[in-house]
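Everything numeric here is computed off the predicted structure, so don't read it as measured data. Below, read A as the first sequence line, B as the second, and so on, with proteins coming before strands; counting in each chain starts at 1.
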There are 2 protein chains.
Amino acid sequence: MSEFKPLDPLLHSQLRLAVMSLLLSVEEAEFTFLKEKTESTAGNLSVQLDKLEKAGYIEIEKSFRGKRPLTTCKITGKGIKAFEAYVENLKKYIQ
Amino acid sequence: MSEFKPLDPLLHSQLRLAVMSLLLSVEEAEFTFLKEKTESTAGNLSVQLDKLEKAGYIEIEKSFRGKRPLTTCKITGKGIKAFEAYVENLKKYIQ
DNA sequence: TAATTTGGTTTACATTATAAACCTATTTAT
DNA sequence: ATAAATAGGTTTATAATGTAAACCAAATTA
């Protein structure tokens with residue numbers, strides 16, 4: 001009943017979890033949007049996005065808007081599944 | 001609406017959260033009980049219990065059962081409040 | 001043309017988590 | 001009686017993680 005399954009360390013991080021949460025609702029978001037919503041520093045966000053991408057939880061597209069770089073993120077199917085599993089496991093910790 | 005409040009770092013840790021979760025339901029638990037339920041190593045558990053105690057989230061009593069040392073833990077009012085606040089904040093991350 | 005801003009990345013440092021090693025005392029086996 | 005194993009932990013060393021500060025290139029503004 002009260003079994004504590006391991007919590008995916010990639011998701012059990014405040015900033016990465018916030019990012020995933022945002023991406024779940026919007027399905028596509030710019031770096032600056034994520035930065036504002038999460039109130040993180042750019043450096044921290046950059047690092048954490050990298051990790052999520054390497055895990056295959058999000059996809060990152062780099063392009064230009066006008067002449068400036070633009071980084072766009074979207075969650076993947078794998079990311080959605082991982083998030084859902086994480087939430088299911090987490091619930092057993094918090095009832 | 002979708003504001004991400006900071007998650008108490010003391011509780012946003014798999015093992016410490018599991019411990020707090022257990023202590024909430026039983027109100028008093030022995031070291032070995034916590035160790036079995038959380039499937040943690042004694043060393044890790046020892047360290048994490050220390051942190052929870054230093055934060056005032058739990059109380060640790062050391063005594064003897066027969067001739068052997070016995071460590072008993074119980075959650076404090078402060079701990080309960082912190083746990084509840086953590087859960088409230090966390091919910092905004094996971095809907 | 002110098003300073004500031006945008007949109008980030010890289011790097012260095014501090015914190016954290018974890019396992020391994022250790023410790024003291026007790027119990028069991030020889 | 002002595003040695004080996006077990007109980008019930010703590011301490012310490014190392015690896016992993018999170019974060020901010022420093023940095024960079026290009027564009028914009030003063």
> Given A:I75 and A:M20, is the side-chain contact (heavy atoms from CB on, under 4.5 Å) satisfied, shown in steps?
Replying inline: CA-CA 7 Å; A:I75 199 165; A:M20 292 293 281; 3.7 Å; yes
List every contact pair, protein side and nucleotides 15-18 of chain D side both N or O, where the distance is under 3.5 Å.
from, atom 1, to, atom 2, distance (Å)
D:dG18, OP1, A:R16, NH2, 3.0
D:dG18, OP2, A:R16, NH1, 2.6
D:dG18, OP2, A:R16, NH2, 3.3
D:dG18, OP2, A:K51, NZ, 3.3

Atom pair [atom1] ([X]) and [atom2] ([Y]), whose distance is rounded to the nearest 0.5 Å:
X     : Y     : atom1 : atom2 : result
B:I58 : B:T72 : CD1   : OG1   : 11.0 Å
B:S46 : B:L34 : OG    : CG    : 11.5 Å
B:T76 : B:K74 : OG1   : NZ    : 11.0 Å
B:L7  : A:H12 : CG    : NE2   : 8.5 Å
A:L52 : A:L49 : CG    : CG    : 6.5 Å

Quickly work out the [X] [atom1] to [N] [atom2] distance and round it to whole Å.
X     : N      : atom1 : atom2 : value
A:F33 : C:dG8  : CZ    : P     : 14 Å
B:L15 : C:dT16 : CG    : C1'   : 12 Å
B:L49 : C:dT16 : CG    : P     : 17 Å
B:K35 : C:dA19 : NZ    : C1'   : 13 Å
A:L34 : C:dG7  : CG    : P     : 13 Å
B:E30 : D:dG9  : CD    : C1'   : 13 Å
B:D50 : D:dT12 : CG    : C1'   : 14 Å

> Are any of B:T32's side-chain N or O atoms less than 4.0 Å away from OP1 or OP2 of D:dG8?
Replying inline: no
>> I want to check one thing: is the phosphate of D:dT19, taken as OP1 and OP2, less than 4.0 Å away from some side-chain N or O of A:T41?
In response: no
>> If you take any heavy atom closer than 4.0 Å to DNA chain D, which residues from residues 56-71 of chain A end up in contact?
In response: A:K67, A:R68
>> Parallel, tilted or perpendicular: which one describes the rings of A:F4 and A:Y93, with boundaries at 30° and 60°?
In response: tilted
Listing, residues 59-69 of chain A side-chain donor-acceptor contacts under 3.5 Å, not counting sequence neighbours, or none:
from, atom 1, to, atom 2, distance (Å)
A:K62, NZ, A:T71, OG1, 3.3
A:R65, NH1, A:E30, OE2, 3.0
A:R65, NH2, A:E30, OE1, 3.0

>> Check A:E88 with A:K91, please: is the shortest side-chain N to carboxylate O separation under 4.0 Å?
In response: yes
